[in-house]
Amino acid sequence: MRITVFGAGAIGGYLAAKLAMAGKVDLSIVARGAHLDAIRADGLRLIEDGRESVAPVRAAARAEELGVQDYVVLALKAHSVAPALDQIAPLLGPGTAVVTMQNGVPWWYFHDVGGPLEGTRLQAVDPGGTIWDRIGPGRVIGSVVYPAAEVDAPGLIRHVEGTRFSLGEPSGEKSERVTRLAGEMVAAGLQAPVRDDIRGEIWVKLWGNLSFNPISALTGSTLAAIAGDEATRALARAMMLEAQAIGESLGVRFPISVDRRIKGAGDVGEHKTSMLQDLERGRPMEIDALVTAVQELGRLTGQPTPTIDNVLALVRRLAIERGCYSLL
């Protein structure tokens with residue numbers, strides 16, 4: 001099995017290292033800059049449970065060096081996928097599956113979903129349907145990522161916690177390609193449950209990201225601080241209830257209550273969300289996949305989103321002022 005991880009940052013690097021060290025697949029990565037140089041020189045290093053290991057991976061700056069793959073894992077942030085399409089293309093053959101590991105509403109959401117919105121392309125995450133046309137939703141295996149990891153130095157990934165990567169076909173079927181990939185991930189020491197409703201799991205994670213991420217960016221607060229403050233907790237709850245109404249109108253079943261989901265976020269503790277970290281570091285923020293796309297789904301389903309609209313306006317304006325967001 002030939003697998004390329006495109007975007008070997010914290011999560012992509014962790015997944016690549018685990019698969020490579022298991023030694024059962026032909027694993028390669030596409031990376032760049034100092035990270036690529038360090039991996040070529042010393043291998044992809046992983047710190048896990050306090051121990052450092054070295055994964056023998058083939059690292060390339062250009063996908064053309066690697067050729068057609070069986071699986072391509074996109075471990076980029078959502079806003080980085082479209083600009084990378086030309087680089088991804090050489091990895092794709094007629095039978096290549098593409099595993100999407102982005103947070104937020106995926107560009108392929110309305111593929112194989114059935115109903116009146118079947119085939120709808122979401123402008124917030126795929127303007128003009130470019131990704132849909134270039135990659136093709138039929139290639140997609142959806143994924144919800146739970147591990148936490150960090151890039152401590154070029155070529156060095158530190159695993160913080162978690163080993164679960166949920167997988168699922170947009171159609172809900174347990175296909176040979178998804179079960180085969182899950183088997184290889186399990187053999188590498190990861191949890192890889194195959195879900196018959198990957199969208200439902202996407203929504204449960206999105207529920208928290210939609211609300212806590214922008215509120216965190218606007219206030220500079222941690223998850224525990226937001227959940228522990230009556231006013232910001234109420235704001236997050238209002239956003240989540242608007243999102244729940246949208247999800248339920250699309251047939252999503254939420255397995256936990258909004259208050260339990262908020263408690264789970266608060267229990268993470270004094271953690272800065274990824275959106276706040278991006279703002280502080282001057283990096284592009286995942287506003288569209290986490291917030292704008294939910295607003296778009298509200299418009300498509302006729303569900304009002306007044307709180308989401310207001311928070312989106314504020315966080316987008318802040319990001320523009322800090323150079324962390326550009327209007328499409």
Side-chain angles (χ1 to χ4, degrees), residues 11 78 101-106 109 113 142-149 160-168 172 190-277 286-287 289-298 301 303-312 315:
I11 293 300
M101 290 192 171
Q102 287 70 55
N103 284 326
V105 181
Y109 190 90
V113 73
S143 179
V144 181
V145 175
Y146 293 96
V160 178
E161 64 176 358
T163 62
R164 177 156 57 103
F165 295 81
S166 294
L167 302 172
L190 302 168
Q191 298 178 67
V194 177
R195 306 301 195 193
D196 59 10
D197 180 21
I198 195 65
R199 291 179 186 82
E201 197 158 334
I202 286 170
W203 270 97
V204 172
K205 187 175 182 185
L206 172 62
W207 219 8
N209 285 340
L210 157 81
S211 52
F212 280 88
N213 270 266
I215 293 172
S216 177
L218 288 165
T219 62
S221 300
T222 64
L223 292 175
I226 294 168
D229 180 273
E230 183 178 351
T232 50
R233 178 188 178 94
L235 181 61
R237 190 174 192 275
M239 294 179 74
M240 293 169 75
L241 288 175
E242 290 174 8
Q244 183 174 355
I246 295 167
E248 289 176 344
S249 73
L250 292 169
V252 175
R253 298 184 302 276
F254 289 78
I256 61 174
S257 70
V258 64
D259 292 311
R260 183 178 170 191
R261 181 66 179 86
I262 291 172
K263 182 180 184 302
D267 287 347
V268 174
E270 302 301 330
H271 172 72
K272 292 183 178 181
T273 68
S274 60
M275 192 177 288
L276 175 56
Q277 291 181 47
E286 292 182 288
I287 294 172
L290 300 184
V291 191
T292 314
V294 179
Q295 181 191 64
E296 184 176 351
L297 290 174
T301 57
Q303 299 295 320
T305 56
T307 314
I308 291 172
D309 295 347
N310 290 335
V311 172
L312 173 59
V315 76

Open item on the list: If only side-chain N and O atoms count, and only distance matters, is there a donor-acceptor pair under 3.5 Å linking Gln295 with Thr305?
Closed with: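 No, because no side-chain N or O of Thr305 sits under 3.5 Å from a partner of the opposite role on Gln295.
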Task: Between Ser166 and Glu201, a side-chain donor and acceptor under 3.5 Å - done: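 The answer is yes; a qualifying pair exists.
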TODO: Carefully, step by step, assess Arg199 and Asp197 under the rule side-chain contact (heavy atoms from CB on, under 4.5 Å).
DONE: CA-CA 5 Å; Arg199 291 179 186 82; Asp197 180 21; 3.9 Å; yes
Can you name the nearest heavy-atom pair linking [X] to [Y], along with the distance?
X: Leu206; Y: Ala289; value: CD1-O, 4.3 Å
X: Pro255; Y: Val204; value: CD-CG2, 3.6 Å
X: Gly162; Y: Pro147; value: O-CB, 3.3 Å
X: Met239; Y: Ile308; value: O-CD1, 3.8 Å
X: Met275; Y: Ala217; value: CG-CB, 4.1 Å
X: Val294; Y: Ala243; value: CG1-CB, 4.2 Å

Task: Partner of Thr222 under side chain to side chain donor-acceptor pair (under 3.5 Å), chosen from Glu270, Lys272, His271 - done: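 Of the listed residues Glu270, Lys272, His271, the side chain to side chain donor-acceptor pair (under 3.5 Å) partner of Thr222 is Glu270.
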Open item on the list: Testing Asn209, Asn213, Asn103 one by one against Ser274 for a side chain to side chain donor-acceptor pair (under 3.5 Å), which residue passes?
Closed with: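 Output: one option passes, namely Asn213.
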Are the side chains of [X] and [Y] in touch, meaning some heavy atoms are under 4.5 Å apart?
X: Arg233; Y: Asp259; answer: yes
X: Ile215; Y: Ser221; answer: no
X: Leu235; Y: Arg237; answer: no
X: Glu242; Y: Ile246; answer: no
X: Ile202; Y: Val105; answer: no
X: Leu190; Y: Phe165; answer: yes

Open item on the list: Can you pull out every side-chain hydrogen bond (donor to acceptor under 3.5 Å, both in side chains) where at least one residue sits in residues 248-257? Sequence neighbours excluded, please.
Closed with: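 Every pair satisfying side-chain hydrogen bond (donor to acceptor under 3.5 Å, both in side chains) with a residue in residues 248-257: Gln244-Glu248.
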Open item on the list: Assess the residue pair Val145 and Lys205 against the criterion (side-chain contact (heavy atoms from CB on, under 4.5 Å)); give the C-alpha distance rounded to whole Å, side-chain angles, the decisive distance to 0.1 Å, and a yes or no.
Closed with: CA-CA 9 Å; Val145 175; Lys205 187 175 182 185; 4.3 Å; yes
Open item on the list: Less than 4.0 angstrom from a charged side-chain N to a carboxylate O is my criterion; do Asp267 and Lys263 meet it?
Closed with: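 Salt bridge present between Asp267 and Lys263.
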Once rounded to the nearest 0.5 Å, what's the spacing between atom [atom1] of [X] and atom [atom2] of [Y]?
X: Leu276; Y: Leu218; atom1: CG; atom2: CG; result: 10.0 Å
X: Thr163; Y: Tyr146; atom1: OG1; atom2: OH; result: 12.0 Å
X: Met240; Y: Phe212; atom1: CE; atom2: CZ; result: 6.0 Å

Task: Mutual orientation of the aromatic rings belonging to Trp207 and Phe254 [parallel < 30°, tilted 30-60°, perpendicular > 60°] - done: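 Aromatic pair Trp207/Phe254 classed tilted.
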- [ ] Could you check Leu290 against Leu210 for side-chain contact (heavy atoms from CB on, under 4.5 Å), going step by step and ending with a plain yes or no?
- [x] CA-CA 5 Å; Leu290 300 184; Leu210 157 81; 5.6 Å; no
Task: Pair Ile198-Leu167, side-chain contact (heavy atoms from CB on, under 4.5 Å): steps then yes or no - done: CA-CA 7 Å; Ile198 195 65; Leu167 302 172; 5.8 Å; no
